[in-house]
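Residue indices begin at 1 and follow the sequence shown. Computed from a predicted structure; not experimentally measured. Keep in mind that the numbers below use all heavy atoms, side chains included, and drop hydrogens, waters and symmetry copies.
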Amino acid sequence: GVAALAAGDLDLAEAALRDALERHRTIGSAIGEALALERLACLLTVRGRLDEALALVDLGIVVAERARLRRHALTRLHAMEARNRLAAGALYGAEDAAREASETAVRHGECAACDAAFRAEAVRVALARGRLGEADAEATQLEDIARQRGGRILVATARFTRARVLAAHGRRDDALAALAHARAGFLGAGHRLDAGRTVRIEARLRGADWTMPEELRALDALVLVDADA
């Protein structure tokens with residue numbers, strides 16, 4: 001389900017994730033249930049079913065409280081809540097969720113997955129609120145973590161996050177180069193959905209006169225909710 005979601009195969013992903021959710025409930029795995037709820041919330045946010053997704057996040061937070069890896073699950077869930085609220089245009093809610101994710105991550109300790117999840121959203125929130133210095137600092141921390149721990153997805157996420165900051169500073173060409181690097185990393189790992197988000201941001205930067213290359217159109221079509229890019 002997670003792999004299908006990353007690839008943009010949403011129907012397969014939803015079926016697999018709902019099946020996983022029920023199986024985790026059957027065996028009493030709170031961490032499995034919480035993480036399945038987080039991925040389902042991501043999928044529904046991608047599909048524009050924002051209220052339904054938010055309800056799953058709320059349920060996941062309750063479930064995570066009894067999980068062994070409680071803080072890991074909570075960090076991911078609050079990061080997902082921030083993404084959902086940004087997609088809904090609810091900036092105050094997104095800011096609160098990003099703060100909760102950050103505070104929980106600090107108590108959780110070092111975790112590359114959590115860092116990639118919450119810092120990427122923290123940057124988006126800071127940019128939406130016009131706090132460029134804060135966004136720059138968060139992006140730098142994510143880049144440092146990516147350099148130290150490696151991993152194609154973490155590096156691609158850091159480049160994508162940096163591209164947002166560069167674009168906010170008006171450095172269009174640098175932002176486009178960072179987006180191209182991020183997209184290559186995402187595609188190399190089979191993460192077509194995130195690659196599609198980079199295409200959508202590139203389209204915004206290039207403007208209405210840009211003729212999108214054919215090979216990028218299928219990726220761009222994966223972004224169903226423009227504000228989620």
Which atom names give the shortest non-hydrogen contact between [X] and [Y], and what distance separates them?
X: A34; Y: V63; answer: N-CG1, 4.0 Å
X: G32; Y: S29; answer: N-OG, 3.1 Å
X: A175; Y: A167; answer: CB-N, 3.7 Å
X: A87; Y: T45; answer: CB-CG2, 4.1 Å
X: A98; Y: A82; answer: N-CB, 4.0 Å

ask   = Taking only residues two or more places apart in sequence or in another chain, which ones pass side-chain contact (heavy atoms from CB on, under 4.5 Å) with A6?
value =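 Counting only residues at least two positions away or on another chain, A6 forms a side-chain contact (heavy atoms from CB on, under 4.5 Å) with H191.
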
inquiry  = Tell me every residue that passes side-chain contact (heavy atoms from CB on, under 4.5 Å) with E52, counting only those two or more places apart in sequence or in another chain.
reply    =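 R18, L44, R49.
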
Under the 3.5 angstrom rule, does the side chain of [X] hit a backbone N or O of [Y] as a donor-acceptor pair?
X: T161; Y: T157; result: yes
X: R76; Y: E38; result: no
X: N84; Y: L50; result: yes
X: R85; Y: G93; result: no

Validation row: [X], [Y] side chains within 4.5 angstrom (heavy atoms):
X: D9; Y: R192; result: no
X: L222; Y: V199; result: no
X: L154; Y: I145; result: yes
X: H24; Y: L21; result: no
X: R197; Y: I201; result: no
X: L91; Y: L86; result: yes
X: L219; Y: L187; result: yes
X: D194; Y: T198; result: no

First locate atom [atom1] of [X], then atom [atom2] of [Y], and finally report the distance between them rounded to the nearest 0.5 Å.
X: L74; Y: I61; atom1: CG; atom2: CD1; value: 6.5 Å
X: L77; Y: D58; atom1: CG; atom2: CG; value: 9.5 Å
X: E138; Y: S102; atom1: CD; atom2: OG; value: 6.0 Å
X: E33; Y: T26; atom1: CD; atom2: OG1; value: 9.5 Å
X: H181; Y: L176; atom1: NE2; atom2: CG; value: 11.5 Å
X: R164; Y: L205; atom1: CZ; atom2: CG; value: 10.5 Å

inquiry  = With salt bridge (charged side-chain N to carboxylate O under 4.0 Å, His left out) as the criterion, how do R147 and D144 come out once you've worked through the C-alpha distance, each side chain's angles and the decisive distance to 0.1 Å?
reply    = CA-CA 5 Å; R147 277 193 295 270; D144 289 343; 2.2 Å; yes

ask   = In terms of heavy-atom contacts, does CZ of R68 have more than 12 from other residues, nucleotides or ligands at under 6.0 Å?
value =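 Counting neighbours around CZ of R68, 12 or fewer heavy atoms of other residues, nucleotides or ligands fall under 6.0 Å, so no.
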
inquiry  = Can you confirm whether R204 is buried at CZ, in the sense that more than 12 heavy atoms of other residues, nucleotides or ligands lie under 6.0 Å from that atom?
reply    =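 Yes, enclosed.
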
task = List the steps and the verdict of side-chain contact (heavy atoms from CB on, under 4.5 Å) for H78 and R99.
result = CA-CA 8 Å; H78 285 303; R99 186 182 305 111; over 6 Å; no

ask   = What do the steps show when you test R129 against E134 for salt bridge (charged side-chain N to carboxylate O under 4.0 Å, His left out), and what is the final call?
value = CA-CA 10 Å; R129 301 290 289 159; E134 179 183 326; over 6 Å; no

Hey, any chance [X] and [Y] share a hydrophobic cluster, counting ILVMFWY side chains that come within less than 4.5 Å of each other, even indirectly?
X: L10; Y: L37; value: yes
X: L59; Y: L43; value: yes
X: L69; Y: M80; value: no

Checking [X] now: which residues fulfil side-chain hydrogen bond (donor to acceptor under 3.5 Å, both in side chains) with it, not counting sequence neighbours?
X: D136; result: R162
X: R47; result: D11, E14
X: R124; result: E121

Show me the donor-acceptor pairs, under 3.5 Å and distance only, between side chains in residues 208-216 and residues at least two apart or in other chains.
none

query = So R183 and R159, side-chain contact (heavy atoms from CB on, under 4.5 Å) or not? Walk me through it.
reply = CA-CA 9 Å; R183 183 160 59 247; R159 294 306 296 155; over 6 Å; no

